Amino acid sequence: MVRTASRKMAAVANAPAPAPAGPPDVAVEHLTHVYETANGAVKALDDIDFEVPQGKFVGIVGPSGCGKSSLLLMLAGLLQPSEGRIVVREHALTAPRPADVGVVFQEASLLPWKTALENVEFPLKLRGTARAERRDRALELLELVGLADFRDRLPHELSGGMRQRVSIARGFSQDPKILLMDEPFAALDEQTRLTLGDELLKIWTRHQKTVIFVTHSLTEAVYLCDEVLVMSHRPGRIIDRVTIPLERPRTYEMMATETFGHLRERIWRSIRTT
Amino acid sequence: MVRTASRKMAAVANAPAPAPAGPPDVAVEHLTHVYETANGAVKALDDIDFEVPQGKFVGIVGPSGCGKSSLLLMLAGLLQPSEGRIVVREHALTAPRPADVGVVFQEASLLPWKTALENVEFPLKLRGTARAERRDRALELLELVGLADFRDRLPHELSGGMRQRVSIARGFSQDPKILLMDEPFAALDEQTRLTLGDELLKIWTRHQKTVIFVTHSLTEAVYLCDEVLVMSHRPGRIIDRVTIPLERPRTYEMMATETFGHLRERIWRSIRTT
Amino acid sequence: MPATAVSPSAASAPRIRRGPWLPPRALGLLTLAALLLAWEVLPRLELVPPVLVAPLSTVLESGVASAGTFAEAMGVTMVEIAFALVFAYGVGGILGLVLGSVKPLRGAVLPLVSSIYAVPFIVAYPLLTAWIGIGMESKVIFAGIYGMFPMILATAAGVRTVDPAFVRAARSMGATRAQILFQVLVPAAFPSILSGLRIAGSLVTIGVVVAEMLASTAGLGFLITQYRSMFQTPEVYFGIILVLCLTGFLDFLIGCVERKAAAWRPRKELI
Amino acid sequence: QDVIRIGGTANYGPVLPVKAAEKLGLFEKAGVKMQFTNFAGGAQSMEGLAAGEADLINYFPPGLALAKARGVKATIVGASTTTPRGWAIMVAKDSPITDIKQLVGKKVGVTTNGATTDFFALWAAKQAGGAITRVPLGGGGLVPGLLAGNVEAISTYPPLTYRLALGGQARILVDLGSAMSANLPDVWIASDEVINKKPEALRRALVALYSAIKYMQDNPDWTLKLLEEQAQLAPDIAKEEFKQTIMGLSSTGTLKEADVAASLELGSLAGNVKMPDPKSLFTDKFVPVQTISP
Amino acid sequence: MTQRASYLAVQIAILAAILTGWEIASRSGAVNAMLLPPFSEVATQMGRMLVSARFLENLGVTALEVVLASAIVAPIGVLIGLVLAESPYLGAAYRPFFFFLTGVPKSIFLPIFILIFGIGISQKVAFGVFQAVFVLVIATMTAASSVAPELVRLAKVSGATRWQIYREIYWPAMLPIVIEGMRLGVIFNITGVIFAEMSVSRAGIGALVAEWGRNFEIANLIGGILITALLCIAINESLRWYELRVGKWRQ
Ligand SMILES: Nc1ncnc2c1ncn2[C@@H]1O[C@H](COP(=O)(O)OP(=O)(O)OP(=O)(O)O)[C@@H](O)[C@H]1O
Ligand SMILES: Nc1ncnc2c1ncn2[C@@H]1O[C@H](COP(=O)(O)OP(=O)(O)OP(=O)(O)O)[C@@H](O)[C@H]1O
Ligand SMILES: [Mg+2]
Ligand SMILES: [Mg+2]
């Protein structure tokens with residue numbers, strides 16, 4: 001009940017940001033997932049319901065192991081729901097739809113035999129983009145994540161944070177309508193985190209993307225998102241939706257404001273009650 | 001020059017915390033590391049010098065790719081310095097010394113064929129601890145990181161944060177004199193992060209350990225450490241040492257204090273200048 | 001500076017591993033030389049009956065004397081091996097990829113494949129000639145199929161051990177089945193595929209030569225059996241040397257592929 | 001008691017007396033121990049002898065001549081089969097070939113080059129008056145090769161010849177037993193080491209062997225039973241094997257230089273091989289054997 | 001569970017189809033029944049063999065040789081493979097020898113084995129080992145090179161001795177590939193033993209098979225080969241079962 005109520009609220013309060021009206025880009029209905037393991041079943045997600053209108057930036061926060069990554073896998077069409085369904089851009093999702101949905105995974109999962117540049121090029125190569133074009137595009141993105149000097153390095157020659165940045169660049173190069181990001185900045189220092197967050201916002205605004213963003217940093221969640229979904233402990237449920245009414249473009253100064261502090265506090269309290 | 005000066009300062013200012021006097025646990029002298037790759041050499045660390053007295057909690061912060069993990073690998077005896085040397089507990093380090101130095105790696109690196117429990121037991125098993133005893137100890141530690149229910153799960157059945165927690169528990173179970181931790185809490189939500197930070201402090205105080213702790217969270221660095229080393233961009237150098245004079249035991253309330261804020265700010269500024 | 005006493009020499013310079021007293025290549029060559037020497041000397045001193053092992057020099061002499069015969073046979077065998085290799089690698093590799101990556105096939109068909117492989121067809125080779133004949137094509141068919149099985153099995157095993165995260169990432173980026181196979185699974189499974197190439201390669205050579213030995217009118221295997229039943233031991237061993245040359249050449253080719261493909265691997269940690 | 005290690009192809013007619021002698025207790029009676037090793041063929045037996053793993057083997061003179069040329073020290077000590085009874089050139093039952101002359105230019109299957117079957121095929125070619133192609137198929141490949149049409153004729157040995165003739169899978173084109181003169185397709189060959197160091201044991205083994213032949217030839221019923229049980233031959237084939245092969249065995253081992261020479265002549269058909277003086281190949285130190293009864 | 005059952009059903013169906021196809025082809029004359037007698041006939045013959053003391057005795061000898069050879073080749077092959085993979089020095093020196101010899105038809109060397117080991121069981125066992133060892137060495141080398149370096153690092157700092165690293169890290173990580181090599185190896189081993197028996201022996205299936213071939217006893221020949229194959233398959237399947245059991249941790 002609380003859930004439905006807050007959801008209505010969120011829908012109403014969702015005024016700002018460059019989102020045009022229209023059917024939601026992502027609609028999740030009664031989504032449940034149970035993992036079968038040798039030691040019995042684990043219910044990872046329980047009856048998840050939400051919608052993400054086109055062009056929104058939605059954050060997901062919740063305790064470790066609550067099912068955030070599982071949810072993202074399902075949204076990407078990589079994991080079949082045990083119950084419920086997912087509608088992406090008005091079509092029920094049954095398999096990956098790379099043009100619509102792209103993922104930046106929690107663990108970088110770079111192809112170890114490809115250089116940083118080749119990894120970023122990979123989605124373009126898959127769809128047959130011409131060599132020169134994809135090279136330019138990939139280089140641009142490597143520049144963006146600060147790794148232009150490392151274009152010819154193999155993943156095992158990069159630091160943890162560098163690998164994660166390559167993975168982010170790869171997600172951008174795929175250029176999907178909807179970008180799912182699973183703690184993309186976890187391995188990065190605060191400075192890089194801020195810079196990349198701003199770059200992400202720029203890309204999001206410029207290309208009218210929809211972003212679903214898992215993070216553990218509440219500051220980051222408030223700074224980036226239009227709305228933050230708070231998930232409960234296992235089995236994951238959505239226990240709160242917090243709309244972030246801060247205006248766009250966001251600036252670092254906002255972080256010091258009282259509203260920002262309150263919003264952060266609000267989410268923090270939600271999580272702690274789980 | 002700045003380096004030596006600030007180091008002197010740090011040595012003088014290093015008064016608080018439960019550290020008894022005596023020779024330093026870890027001494028790093030003129031440490032340099034150059035990686036040879038197919039695309040030429042990368043200087044990862046340049047002339048690093050520092051000492052960690054016994055029983056200190058030292059943090060290392062610095063931008064992504066500045067050489068923190070490389071430094072830790074060398075402190076663990078897993079990577080040979082190109083120049084300079086490391087002295088651990090009065091003996092030059094040439095190979096891993098598991099009784100003296102333990103590591104929690106940046107990437108969890110659990111043994112995929114062992115369950116969570118067995119992974120935590122692993123260091124104990126290696127040194128021939130009796131079955132029952134090591135089981136009890138491992139269970140206790142799994143409990144500590146909140147994974148008692150997941151003792152029989154294999155790593156691939158755990159979430160990213162859970163894997164990292166298993167890895168932390170394993171580091172604790174090894175019970176070395178000096179614990180090196182490479183962004184151990186990066187994949188954890190803020191709540192779990194705080195809890196585990198406190199547990200770490202408890203273990204540190206109780207067992208008189210020396211801890212060298214890499215983190216990207218400045219708040220965490222200030223909250224946990226006696227001293228924070230700030231590293232520069234590649235090639236990594238130590239550009240600042242910030243002594244944290246907050247008294248122990250630390251409490252969450254301290255985070256809201258002005259001193260805390262200033263210290264955080266001080267480190268932040270140091271990093272930004274890199 | 002720490003006021004601790006540390007023996008300076010131990011730590012000041014990074015440990016330099018003292019080079020072995022003999023470079024490894026030299027050790028290998030030395031061993032080879034020892035073997036060749038034994039080969040020459042033992043039969044000469046009649047420590048082994050010369051009808052079973054002929055001294056190396058005699059072997060080379062008689063080989064050179066019948067160079068024409070051997071060259072012709074070698075040509076035949078090489079052509080057979082080449083065709084059989086193409087078959088074993090091509091068909092075996094593709095079947096291995098498919099069987100290893102399509103789950104139902106992997107569960108239902110792969111075990112059958114390895115069971116069929118367990119049938120010792122080579123023992124029944126003379127009987128098989130009724131269907132496959134005795135000409136060059138029969139060797140190609142037999143050796144091709146003989147080598148195809150380990151290729152299938154090794155490829156499938158390699159594919160199965162690929163980290164699923166890679167496949168997942170590629171799928172989410174829109175890779176088609178073929179793209180997943182050739183751009184993700186093949187490079188990721190390469191070590192195992194490589195050992196498949198090696199084992200299949202040797203089975204092809206063995207299949208061709210043994211089939212020639214059992215029933216044929218041309219090729220190195222044919223020559224070897226013929227010389228053997230006529231007790232022309234030096235010629236037999238010259239034939240063996242030629243077979244070794246063929247395997248050596250094949251191994252050299254595989255080695256080239258290996259070096260190229262393994263370039264990205266991190267250097268192994270020494271224990 | 002000395003051991004004589006006999007090598008040969010098990011259940012091959014001329015080698016069967018070894019089994020018979022064992023069954024009849026003749027080795028014991030003669031005062032020697034015997035150990036039998038099954039070799040896939042004569043050439044393998046010869047290698048076994050060369051490796052010092054057999055003392056007395058069943059093979060044929062040209063093979064010995066070749067082996068001796070490579071330094072194997074062995075000598076024929078007794079005749080086994082004198083005429084190639086049970087050996088034949090066979091064709092498919094509906095083959096148009098009816099005369100040996102028609103073999104010219106045809107493919108004839110043999111076991112391996114240099115084997116007895118091969119020399120017989122060469123002999124057939126000589127009779128035919130033109131070249132033939134010998135195709136080595138291995139023992140197991142002869143019949144499949146013929147049935148599948150890979151070769152037009154095959155050179156066969158007992159009891160395969162009987163089996164095919166009686167079973168109707170193939171037809172005898174030339175019965176070599178009647179077409180060829182005596183040429184010793186089987187002889188017993190001992191290593192010179194045994195001949196020199198243990199002549200008495202060897203003599204005893206030969207006594208047991210030839211006594212068994214004598215007994216077999218004198219007791220058809222017992223022998224037929226042996227053929228059926230030991231060699232697992234069907235009754236009609238066993239009968240043929242007895243009549244032809246067993247009855248064709250020499251019961252004294254007596255060696256004639258002319259027979260050896262005839263055999264070597266066959267060997268020289270293979271071309272470039274120069275055959276030695278027949279005298280150098282055999283010794284009649286042990287023959288004729290005085291047989292005993294079990 | 002049900003999935004396993006359905007796989008089994010598919011396998012049985014395929015097998016049944018093959019056998020039926022064989023039976024029909026042979027009975028209808030699509031293939032020459034003299035060369036490929038109907039399966040029913042072969043099966044009858046197999047049944048007869050399996051109760052014949054002579055056959056079982058020989059089978060027993062072969063089985064013993066195979067088991068001995070496998071027991072010897074497993075540790076030797078794995079050890080050599082490990083040494084060649086782990087010691088850069090010995091590896092660089094001797095790897096080429098192994099790659100070379102793998103591709104040589106081993107039957108050429110039979111006379112040398114007779115020379116060294118005589119004709120008894122030891123020769124068959126040694127030859128079986130010789131046949132199988134190379135694949136196993138190659139598989140072990142592949143397996144050793146695929147051990148993740150992170151895990152080795154981890155074990156080192158956790159205090160593992162060299163032996164513990166091999167036992168705790170290398171062994172489990174290598175096992176699937178080693179077992180795959182072992183499966184290939186056992187098949188090589190059996191073929192090798194039978195080949196050796198066919199050439200020279202005092203007992204064993206190989207001698208029987210050779211004789212059946214020589215005398216064109218076709219039903220016996222095929223039956224004997226099938227029984228040998230069943231033996232191989234049994235060993236193969238038990239290795240696979242073991243592999244599945246120890247490899248459960250792989251997704
Ligand atoms: N492949 C799997 N097999 C079985 N259980 C799994 C599997 N993957 C995840 N789980 C379980 O599902 C639950 C949710 O996992 P998930 O990875 O979605 O969590 P998360 O919210 O992403 O956590 P984190 O913040 O730690 O990454 C956990 O309890 C985990 O143990
Ligand atoms: N195995 C390697 N081979 C070559 N270069 C390497 C290797 N490991 C690290 N490097 C390089 O060394 C530098 C430092 O890497 P390191 O992993 O120590 O950084 P880090 O400070 O831990 O970064 P992060 O915060 O992103 O984890 C980087 O430039 C990286 O590219
Ligand atoms: Mg996750
Ligand atoms: Mg790092």
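Only this structure's heavy atoms are used, side chains among them; waters, hydrogens and symmetry mates stay out. Being a predicted model, the structure only gives us computed values, none of them experimental. Per chain, numbering begins at 1; letters A, B, ... match sequence-line order.
Neither the backbone nor the side chain of I267(A) comes within less than 4.5 Å of any heavy atom of chain B. Contacts between E190(A) and chain B at a heavy-atom distance below 4.5 Å involve backbone atoms as well as side-chain atoms. With a 4.5 angstrom heavy-atom cutoff, A38(A) touches chain B only via backbone atoms. Proximity to chain A involves both the backbone and the side chain of L218(B), based on heavy atoms less than 4.5 angstrom apart. In this structure, chain B has heavy atoms under 4.5 Å from both the backbone and the side chain of S64(A). Interface residue T37(A): backbone and side-chain heavy atoms are both found under 4.5 Å from chain B. Contact annotation for R151(B): neither backbone nor side-chain heavy atoms come within less than 4.5 Å of a heavy atom of chain A.
S82(A) places a side-chain N or O within 3.5 Å of a backbone atom of V34(A) that can act as its donor or acceptor partner. A donor-acceptor distance shorter than 3.5 angstrom exists from the side chain of N119(A) to the backbone of L111(A), with no hydrogens or angles considered.
Between D240(B) and R266(B) a salt bridge is recorded (basic side-chain N to carboxylate O distance below 4.0 Å). One finds no salt bridge joining R135(A) and E118(A) here, because no Lys/Arg side-chain nitrogen approaches an Asp/Glu carboxylate oxygen to under 4.0 Å.
Chain B forms the most heavy-atom pairs under 4.5 Å with one residue out of T115(A), L154(A), T215(A), D152(A), and that residue is D152(A). In terms of heavy-atom pairs under 4.5 Å with chain B, the best-connected choice from K68(A), R193(A), R163(A) is R163(A).
Checked by atom type, the side-chain pair D198(A)/T195(A) shows no donor-acceptor distance below 3.5 Å.
Atoms CD1 and NE2, from I271(B) and H233(B) in turn, are 10.5 Å apart once rounded to the nearest 0.5 Å. One distance of note links CD of E107(A) with CG of D182(A); it measures 9.0 Å at 0.5 Å rounding.
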